[in-house]
Amino acid sequence: PAGGSTLTISAADPSKNVSGERTVNIGARALNVSTPNRQKQDLTDPSVKLYVATDGSDANRGSKELPFATITRARDEIRAIKKEKGALPEGGVAVVIRGGHYEIQEPLVFHPEDSGTEDAPVIYMAARGETPVISGGRRITGWRKGKGGIWTAELPDVKSGNWSFR
């Protein structure tokens with residue numbers, strides 16, 4: 001659209017060979033959202049599969065045997081593929097996220113450049129039968145029960161001004 005951009009987010013259930021897609025058009029004055037549901041050819045067989053696992057490393061190549069550790073690294077790899085080849089390969093890219101707890105330290109941000117197309121979608125999905133949990137929270141430990149049954153914990157980062165929250 002004139003004066004704006006488009007971001008497409010795809011979600012898939014490969015076991016049913018179905019996907020939903022939400023396209024957000026960000027115009028100069030309006031935000032229009034449409035959600036067409038359509039059958040995809042084969043969501044389980046994209047041209048490129050990248051893997052993310054809690055025991056992976058972002059220095060790895062993102063294969064099933066040598067997965068990345070973070071979704072951010074997988075997103076950046078997709079950006080590199082698009083930059084190197086000028087576009088995504090036909091059939092698209094799937095990021096398969098293995099089960100486990102992923103604690104992210106900063107927001108995971110997607111821009112319009114992170115979208116695919118109808119013929120080359122970008123799909124982020126859980127590995128079959130697994131449940132990844134992505135958490136932006138921070139674990140607070142060292143709780144002590146104080147006077148009047150009030151629980152407290154000392155947070156050095158808050159005390160030093162490096163972490164604030166409400």
Side-chain angles (χ1 to χ4, degrees), residues 1-64 66-128 130-139 163-165:
S5 59
T6 302
L7 172 63
T8 301
I9 303 168
S10 297
D13 183 346
S15 66
K16 295 179 182 166
N17 203 31
V18 173
S19 75
E21 188 168 276
R22 183 165 296 245
T23 302
V24 181
N25 296 313
I26 305 167
R29 295 188 181 156
L31 178 67
N32 302 314
V33 178
S34 61
T35 310
N37 290 314
R38 60 179 176 268
Q39 197 83 5
K40 292 289 184 182
Q41 294 173 338
D42 187 359
L43 295 174
T44 61
D45 193 27
S47 296
V48 175
K49 277 189 182 178
L50 300 173
Y51 291 83
V52 177
T54 57
D55 62 351
S57 167
D58 283 346
N60 286 345
R61 59 178 201 244
S63 66
K64 191 172 188 175
L66 295 169
F68 296 133
T70 65
I71 299 166
T72 301
R73 176 65 178 91
R75 181 207 57 200
D76 293 347
E77 183 66 20
I78 295 168
R79 288 178 179 176
I81 291 168
K82 286 176 87 169
K83 185 176 181 179
E84 179 185 322
K85 299 183 188 243
L88 291 172
E90 190 171 329
V93 179
V95 176
V96 180
I97 306 168
R98 303 290 315 270
H101 194 89
Y102 297 84
E103 293 185 14
I104 59 175
Q105 302 302 312
E106 57 191 42
L108 176 59
V109 179
F110 294 95
H111 295 285
E113 71 211 47
D114 299 313
S115 293
T117 64
E118 188 170 340
D119 294 328
V122 174
I123 300 168
Y124 290 81
M125 62 189 208
R128 189 177 308 275
E130 297 186 24
T131 305
V133 176
I134 302 163
S135 173
R138 286 172 114 179
R139 188 174 311 271
W163 181 29
S164 64
F165 60 92

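In this chain, numbering begins with 1 at the start of the sequence shown. Bear in mind that the values here come from a model prediction, so they are computed numbers and not experimental data.
Under the side chain to side chain contact (heavy atoms under 4.5 Å, CB included) criterion, Thr70 pairs with Asp58, Thr72, Arg73, not counting sequence neighbours. Ser63 meets the side chain to side chain contact (heavy atoms under 4.5 Å, CB included) test with Arg61, Glu65, Leu66; sequence neighbours excluded.
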(message) Using side-chain contact (heavy atoms from CB on, under 4.5 Å), reason through Arg75 and Leu108 one step at a time and then give a plain yes or no.
(response) CA-CA 9 Å; Arg75 181 207 57 200; Leu108 176 59; 4.2 Å; yes
(request) Decide yes or no on side-chain contact (heavy atoms from CB on, under 4.5 Å) for Tyr124 and Ile71, but give the supporting numbers first. (result) CA-CA 9 Å; Tyr124 290 81; Ile71 299 166; 3.8 Å; yes
(request) Under the side-chain contact (heavy atoms from CB on, under 4.5 Å) rule, what do Ile81 and Glu84 come out as? Steps first, then yes or no, please. (result) CA-CA 5 Å; Ile81 291 168; Glu84 179 185 322; 5.9 Å; no
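Residue Ser47 comes nearest to Gly91 through the heavy atom pair OG-CA, 3.6 Å, listed as atom of the first residue, atom of the second, then distance. Annotation for Glu130 and Gly99: closest pair OE1-N, 2.6 Å, computed over non-hydrogen atoms. Smallest separation of non-hydrogen atoms from Val109 and Arg79: O-NH2, 4.0 Å. In this structure, Asn60 and Pro67 approach most closely via the heavy-atom pair ND2-O, 2.9 Å. Considering every non-hydrogen atom in both Pro132 and Ile97, the closest pair reads CB-CG2, 3.6 Å.
Comment: Glu113 does not engage Lys82 in a salt bridge, judged by the lack of any side-chain N to carboxylate O separation of less than 4.0 angstrom.
Between Thr54 and Tyr102, some side-chain heavy-atom pair lies under the 4.5 Å cut-off. With contacts defined as side-chain heavy-atom distances shorter than 4.5 Å, the pair Leu50/Val48 qualifies. Counting only heavy atoms from C-beta outward, the side chains of Val52 and Val95 approach each other to under 4.5 Å. Two residues are said to be in side-chain contact when any heavy atoms from C-beta on lie closer than 4.5 Å; Ile78 and Leu88 meet this criterion.
Between Ile104 atom CD1 and Ile134 atom CD1 the span is 7.0 Å, to the nearest 0.5 Å.
Put simply, the side chain of Arg98 never gets that close to the backbone of Gly56: no donor and acceptor are under 3.5 Å apart.
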